> 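Okay, handing you the structure first.
These numbers were taken from a predicted model, which means no experiment stands behind them. Per chain, numbering begins at 1; letters A, B, ... match sequence-line order.
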Amino acid sequence: MLIATFNVNGITSRLPALLQWLEEKQPDVACLQELKAPQEKFPEAALKEIGYHAIWHGQKSWNGVAILTRGEAAQEIGRGLPGDPADEQSRYIEAAVNGVMVCCLYLPNGNPAPGPKFDYKLQWFERLILRAAELLESGAPVVLAGDFNVMPTELDVYKPERWVNDALFRPETREAFHRLVAQGWCDALRTMHPDERIYTFWDYFRDAYGRNAGLRIDHLLLSPALAGSLRAAGVDREVRGREKPSDHAPTWIKLDLGR
DNA sequence: ATGTCTAAAGCATTTAGA
C-alpha cells in the first residue's frame, strides 16, 4: 500500500501538476493539504476521471485538506480536530481506508513567533497530541500524514542557525513534535533514512530548490500496529522542479500489509 | 530585511498568508 502526503499549495492552480503526479505514481492514498479552495470548488470530477475518489474539507482562500483513494472509497470518520468547537480552520480529516486509519493534517505555520499565530499553533499541537493518544489507545493501524510545519531536528534544515527563532523550528515546536512521537509513533522517513538529509519543502524565494535550501516538514507517523509493515519511504523531489510547482514535494511510504 | 507565489476584492492593483 502506497500512502503519500502532498501539500499542493492551491489545488486549483496546481491541478495539472497534481494529476500528472497521481498518474505517474498511482498512490493508493494521497493526503492533500492547502487546497485553498471553498468546499464547492474542489475538482472532484477531474480526479474521478483518473480513478480517484476524494473526501475533502475546504475553506475559502486558506487551508483545506483532502484524502484521495484509488479504487475503494475512503470511509470518513471525522473532520475538524476535536478540542475546540470555535476553531473554524479546515486542517484535519480522518478516514478508514482498507483497514487503515488515515489522518490528514495541516498543522498551523505559526509565524510570526511569538504572537497569537504561534499560540494557535501550539494549542493546535496539544489537541493533536490528545487525539493521537486516543488513536494509539485504540490499537488500530493508524498513519498521521501531513504538513506538520515542524523540522524535528537540525538534520531536517539546510541551515539550522537561520531558523532557531522561526515558528517551524523554535524549541516549543520541536518539543511538541518530540512529545507526540514519544507516545509511540514511528517517523517513517527518518526511520528508513536515519542519517540522510531529506527535504520535502523548498521556498520560492531566491532559488531555494536550485540551491537545495530545503526543509523536512511533511511527515508520515505510523502507529505501532503499522510500523512493522514499513518497507520504503521517500520524497518525489523532482515534482518540485516542474512548471508551476507547489513549494512542497510529495512524500510517501510503502507498506506491506500482507494481503 | 530580503525574496516568490497565489487568491481575494473588484476590475487594476494592493493585501495577506505562507
> Round to a whole Å and report the spacing from CZ of A/F148 to C1' of B/dA18.
18 Å
> To the nearest Å, give me how far apart NZ (A/K36) and P (B/dT15) are.
18 Å
> If the plane angle is over 60° it's perpendicular, under 30° parallel, otherwise tilted; pick one for A/F177 and A/H219.
tilted
> Hydrophobic cluster membership, with links at side-chain heavy-atom distances under 4.5 Å among I/L/V/M/F/W/Y: are A/W124 and A/L130 in one?
no
> How far, in whole Å, is B/dG10 from B/dT4 if one measures between their P atoms?
27 Å
> Rounded to the nearest Å, what distance is computed from the CZ atom of residue A/R240 to the C1' atom of nucleotide B/dC5?
10 Å
> Please tell me if A/S13 has a side-chain N or O lying less than 4.0 Å from either OP1 or OP2 of B/dA7.
yes
> Start at the 5' end of DNA chain B and walk down; is the nucleotide closest to A/D247 or to A/P38 reached first?
A/P38
> OH/A/Y120 to CG/A/D84 distance, rounded to the nearest 0.5 angstrom?
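A/Y120 OH to A/D84 CG: 7.5 Å, rounded to 0.5 Å.
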> To the nearest 0.5 Å, what is the distance between CG on A/D166 and CG on A/N111?
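One gets 4.0 Å once the value is rounded to the nearest 0.5 Å.
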> Would you call A/D147-A/R91 a salt bridge at under 4.0 Å N-O?
no
> Looking at A/K244, does any N or O in its side chain come under 4.0 Å of the phosphate oxygens OP1/OP2 on B/dT6?
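Checking B/dT6 against A/K244, a side-chain N or O does come within under 4.0 Å of OP1 or OP2.
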> Take atom CG of A/N111 and atom P of B/dA1, then tell me their distance rounded to the nearest Å.
13 Å
> Can you tell me how far C1' in B/dA8 sits from the matching atom in B/dG3, rounded to whole Å?
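Approximately 22 Å lies between the C1' atom of B/dA8 and that of B/dG3.
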> Report yes if at least one side-chain N or O of A/R14 is closer than 4.0 Å to OP1 or OP2 of B/dT6; otherwise report no.
yes
> Under 4.0 Å: is that the gap between some side-chain N or O of A/K60 and OP1 or OP2 of B/dT6?
no
> Expressed as a whole number of Å, how far does the C1' atom of B/dA1 sit from that of B/dT13?
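About 24 Å, rounded to a whole number of Å.
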> Ignoring the backbone of A/E34, work out which of B/dT4, B/dA18, B/dT6 is nearest its side chain.
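The listed nucleotide nearest to A/E34's side chain is B/dA18.
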> Would the base of B/dT4 count as contacting A/R206 through its side chain, where contact means a donor and an acceptor less than 3.5 Å apart?
no
> What's the CD-P distance between A/Q89 and B/dG17, to the nearest Å?
10 Å
> Tell me the interatomic distance from A/K41, atom NZ, to B/dA8, atom C1', rounded to whole angstroms.
11 Å
> Let me know the distance between CG of A/D166 and C1' of B/dA18, rounded to the nearest Å.
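It works out to 11 Å between those atoms.
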> Using the closest heavy atom to pick a nucleotide of DNA chain B for each, name whichever of A/Y106 or A/D207 lands nearer the 5' end.
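The residue closer to the strand's 5' end, by nearest nucleotide, is A/D207.
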> Roughly, in whole Å, what's the span from NZ in A/K121 to P in B/dA18?
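Result: 10 Å.
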